[in-house]
Amino acid sequence: DQRLRVTMAPSSGGGSFTVLLFPSETPATVARVLRLVRERFYNGKVFQRVEPNFVVQGGGPDANEYVGDVTFMRDELTWRTHARGTLGISARGRDTGDGQWFINLVDNPLLDHEFTIFGRIDGGQPVAERILEGDRIAHVDVVEDR
């Protein structure tokens with residue numbers, strides 16, 4: 001099992017949450033997210049979009065939803081549903097994901113089969129659910145075992 005630990009900046013309330021990744025379902029997406037984590041891409045980035053009872057989104061440079069990693073990635077759509085606590089890759093159409101994430105705050109079946117789901121929160125969900133617009137990620141780390 002591979003997990004990420006997302007630690008929020010003290011100015012954003014601190015705390016951390018862990019994300020269980022789905023490499024067997026979305027191998028290319030998980031590989032890219034792991035590469036970005038190891039390159040410290042997400043460290044210091046903000047969650048620039050908070051839609052109560054829907055999603056929080058962030059992880060890109062310039063604190064906007066239109067800038068992420070340099071190249072787009074192909075969608076990896078599965079039968080998994082956008083349940084509360086799952087993480088998806090933000091996109092602006094087919095095959096336009098760029099490494100930014102969104103966290104489903106509620107079950108969002110309207111997003112099913114439209115966005116890649118690459119993991120789910122498996123610890124610290126209250127930390128993720130209290131994220132406010134402008135909250136900053138201190139760092140994201142790969143957690144090899146639990």
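These numbers were taken from a predicted model, which means no experiment stands behind them.
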Tell me, do [X] and [Y] make a side-chain contact under 4.5 Å, heavy atoms counted?
X: I121; Y: T18; answer: no
X: V127; Y: M8; answer: yes
X: D1; Y: L21; answer: no
X: R3; Y: D122; answer: yes

For [X], check side chain to side chain donor-acceptor pair (under 3.5 Å) against everything at least two apart and list the hits.
X: D141; answer: H139
X: T81; answer: D112
X: T86; answer: N104

Let me confirm one number: the [atom1]-[atom2] distance from [X] to [Y], rounded to the nearest 0.5 Å.
X: L105; Y: Q125; atom1: CG; atom2: CD; value: 8.5 Å
X: T7; Y: N43; atom1: OG1; atom2: CG; value: 9.0 Å
X: H113; Y: T78; atom1: NE2; atom2: OG1; value: 7.5 Å
X: N53; Y: D107; atom1: CG; atom2: CG; value: 11.5 Å
X: H82; Y: N108; atom1: NE2; atom2: CG; value: 8.0 Å

Check your understanding: So which residues get pulled into L77's cluster when ILVMFWY side chains under 4.5 Å apart are joined, directly or through others?
Key -> none
**Study point:** Pairs satisfying salt bridge (charged side-chain N to carboxylate O under 4.0 Å, His left out), at least one member in residues 5-24, at least two apart
**Key:** none
Check your understanding: Does any pair with a residue in residues 16-28 pass salt bridge (charged side-chain N to carboxylate O under 4.0 Å, His left out), and if so which ones, sequence neighbours excluded?
Key -> E25-R80
If Ile, Leu, Val, Met, Phe, Trp and Tyr residues are connected whenever their side-chain heavy atoms lie under 4.5 Å apart, and connections chain through other members, are [X] and [Y] in the same group?
X: L87; Y: L20; result: no
X: V140; Y: L36; result: yes
X: I103; Y: I117; result: no
X: F47; Y: F54; result: no
X: V19; Y: V55; result: no

Check your understanding: Which word best sums up how the rings of W101 and Y42 line up, parallel for under 30°, tilted for 30 to 60°, or perpendicular for over 60°?
Key -> tilted
Review point. In terms of the angle between their ring planes, are F102 and F115 parallel, tilted or perpendicular, with boundaries placed at 30° and 60°?
Key: perpendicular
Under the salt bridge (Lys or Arg N to Asp or Glu O under 4.0 Å) rule, collect the residues that match up with [X], sequence neighbours excluded.
X: R84; value: E129
X: E133; value: none
X: E76; value: none
X: R130; value: none

Review point. Taking atom types as modelled, is there a side-chain donor on Q100 or Q48 under 3.5 Å from an acceptor on the other?
Key: yes
Point to revise | D75/R94 under side-chain contact (heavy atoms from CB on, under 4.5 Å): CA gap, chis, key distance, verdict | key: CA-CA 7 Å; D75 296 333; R94 287 283 184 235; 3.3 Å; yes
Practice item. Determine whether more than 12 heavy atoms belonging to other residues, nucleotides or ligands lie under 6.0 Å from atom CZ of R40. Key: no
Point to revise | All side chain to side chain contact (heavy atoms under 4.5 Å, CB included) counterparts of V142, not counting sequence neighbours | key: Q2, L4, L34, V37, R38, E144
Study note, to complete from the structure: Applying ring-ring contact (aromatic ring centres under 6.0 Å, His included) to F22 and not counting sequence neighbours gives none
Check your understanding: Is R136 reaching over with its side chain to a backbone N or O of G44, donor-acceptor style, under 3.5 angstrom?
Key -> yes
Check your understanding: Is it true that a side-chain atom of D135 and a backbone atom of V46 form a donor plus acceptor pair closer than 3.5 Å?
Key -> no
